[in-house]
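To keep things clear, I will list the structure first and then write my remarks on it.
Atoms within each ligand, like the ligands themselves, are counted from 1 in listed order.
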Amino acid sequence: MSESKPPYLRSVLESIPAYKPGKKVVGPDGRSIKLSSNESPYGPLPSVRDAIAQASAELNRYPDPGAAELTAALAARLEVPEGHLALGAGSVGLLQQILEAVGEPGAELVHAWRSFEAYPLLAELSGVTSVRVPLREETHDLDAMADAITDRTRMVLVCNPNNPTGTAVREEELTAFLDRVPDHVLVVLDEAYREYVRDRDVPDGLSLYRDRPNVAVLRTFSKAYGLAAARLGFVVGHPHLAGAVRKTLVPFAVNHLAQAAGVASLAAEEELLERVQATVEERARVREALLEAGWTVPPTEANFVWLRLEEDTLDLAAACADAGVSVRPFDGEGARVSIGTPEENDVFLSVATKYPGRR
Ligand SMILES: *Cc1c(COP(=O)(O)O)cnc(C)c1O
């Protein structure tokens, strides 16, 4: 046999690192505290678990491809027409669907940087060029982002509040920005952390999209709703966009358990929002304790805090790991630390308040 070549793959894959699973961190007393992925520290509510257990009896059947019950419940809850909704396997899945709908080789996606790591990755995978606009004072620089729009721009992402800095853009600056974006350029407001926002000047994307056909809002059940493993998110946009996103869904990607969990979660919303409030209160306590210990912590509207550690980033992450706490380091930049239960946060604070390095 002649020497065979491996099958052809797109060259873009060479620039994309293979997925490396994070190492589980275990502390001296065997404890393992995960503050690295901004998940809810609380499991789904008992009523949601029951709904999932019940739905599991029907796993031999394909799920409802149109997710009719969940779509109706969401439309009622959000007060939007059903035709303005598209569901997906998490908001990351939806982002890939949206990029597939708007992207083509040579198209550009404008987004802030540092922001959510999935943005440049998904852009490159879909053949779209990621245009990264540096943050200004840990916040989206919306003027610079508007300046970065060219005739190749197909889409702009605004992560509000921003992952990993927690900072949010406010109504006045965001609407001024939206007024500058040409009508044919889609603006996606990624509101993965919307439920944690308490600053009244931070707009709800659902009030902004209504009279702006080029604006869509991305939400998820992964964070406040405590359903990260179920993979469920949705987009709210005008029918032209929502319909396109529905077309790019891998058939049946929103599975039966996720649909059942979503419906049950919407029915248990009051209890879920109580948990969110507990996290909001913990967020204030953690930030206060850090400020008191001399740290600089940007005001955060999300369920995490951001520490700009620069060259000390990996060192702090290692100190946390020694105590059994995993955080999310970005080498040379800083660390993002999720808000957990009060006990978990205390373990993190005991490390951070004693940390001898840069703060
Ligand atoms: C966590 C997060 C998401 C959620 O992703 P899912 O795919 O819905 O789990 C989306 N956007 C941002 C900015 C996030 O931080």
Looking only at distance, does Asp190 have an N or O less than 3.5 Å from an N or O of ligand 1?
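Between Asp190 and ligand 1 (N or O atoms, distance only) the closest approach is under 3.5 Å.
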Open item on the list: What I want to know is whether Tyr119 and ligand 1 share at least one N or O pair that is separated by under 3.5 angstrom.
Closed with: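 No; the residue has no nitrogen or oxygen that sits under 3.5 Å from a nitrogen or oxygen of the ligand.
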Restricting to non-hydrogen atoms, name the atom on Ala335 and the atom on Val327 that form the minimum distance, rounded to 0.1 Å.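 Heavy atoms only, the tightest pair is CB-CG2, 4.4 Å.
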For the residue pair Ala224 and Leu272, what are the closest heavy atoms and their distance?
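Smallest heavy-atom distance, with atoms named: O-CD2, 4.1 Å.
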Checklist entry - Should Lys34 and Glu39 count as an ion pair when the cut-off is N to O under 4.0 Å? => result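 Salt bridge between Lys34 and Glu39, a charged N being under 4.0 Å from a carboxylate O: yes.
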Thinking salt bridges, do Asp204 and Arg219 make one under a 4.0 Å N-O criterion?
->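 Between Arg219 and Asp204 there is a salt bridge, with a charged N closer than 4.0 Å to a carboxylate O.
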Worksheet item: Relative to ligand 1, is Phe221 under 4.0 angstrom through side chain, backbone, both or neither, heavy atoms considered?
Response: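 The answer is neither.
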Does only the side chain of Val92 get under 4.0 Å from ligand 1, or the backbone, or both, or neither? Count heavy atoms.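 Within the 4.0 Å criterion, Val92 contacts ligand 1 through backbone and side-chain atoms alike.
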Report the member of [options] with the shortest heavy-atom distance to [atom].
{"atom": "atom 3 (C) of ligand 1", "options": "Lys223, Gln96, Arg219", "result": "Lys223"}
{"atom": "atom 7 (O) of ligand 1", "options": "Glu191, Arg231, Arg336", "result": "Arg231"}
{"atom": "atom 15 (O) of ligand 1", "options": "Tyr193, Phe304, Phe116", "result": "Tyr193"}

Please report which non-hydrogen protein atom sits nearest to atom 9 (O) of ligand 1, along with the residue it belongs to and the distance in Å to one decimal place.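 Sorting protein heavy atoms by distance from atom 9 (O) of ligand 1 puts Ser222 OG, 2.6 Å first.
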Checklist entry - For atom 5 (O) of ligand 1, which protein heavy atom lies nearest, and how many Å away is it? => result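 Of every protein heavy atom, Ser91 OG, 3.2 Å lies nearest to atom 5 (O) of ligand 1.
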Within ligand 1, which atoms have a heavy atom of [X] less than 4.0 Å away?
{"X": "Asn163", "value": "13 (C), 14 (C), 15 (O)"}
{"X": "Cys159", "value": "13 (C)"}
{"X": "Ala192", "value": "2 (C), 3 (C), 10 (C), 11 (N), 12 (C), 14 (C)"}

Between His140 and Phe177, is the ring centroid distance below 6.0 Å?
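Between His140 and Phe177, the centre distance exceeds or equals 6.0 Å.
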Hey, can you tell me if Tyr119 and His111 have their rings parallel, tilted or perpendicular (30° and 60° cut-offs)?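 Ring orientation, 0 to 90° scale: perpendicular.
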- With Arg194 as the cation and Tyr196 as the aromatic partner, state whether NZ or CZ is under 6.0 Å from the six-membered ring centre and within 45° of the axis.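 No, Arg194 and Tyr196 do not form such a contact.
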Residue pair Thr167 / Asn162, side-chain donor-acceptor N/O under 3.5 Å =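 No, no side-chain donor-acceptor pair sits under 3.5 Å.
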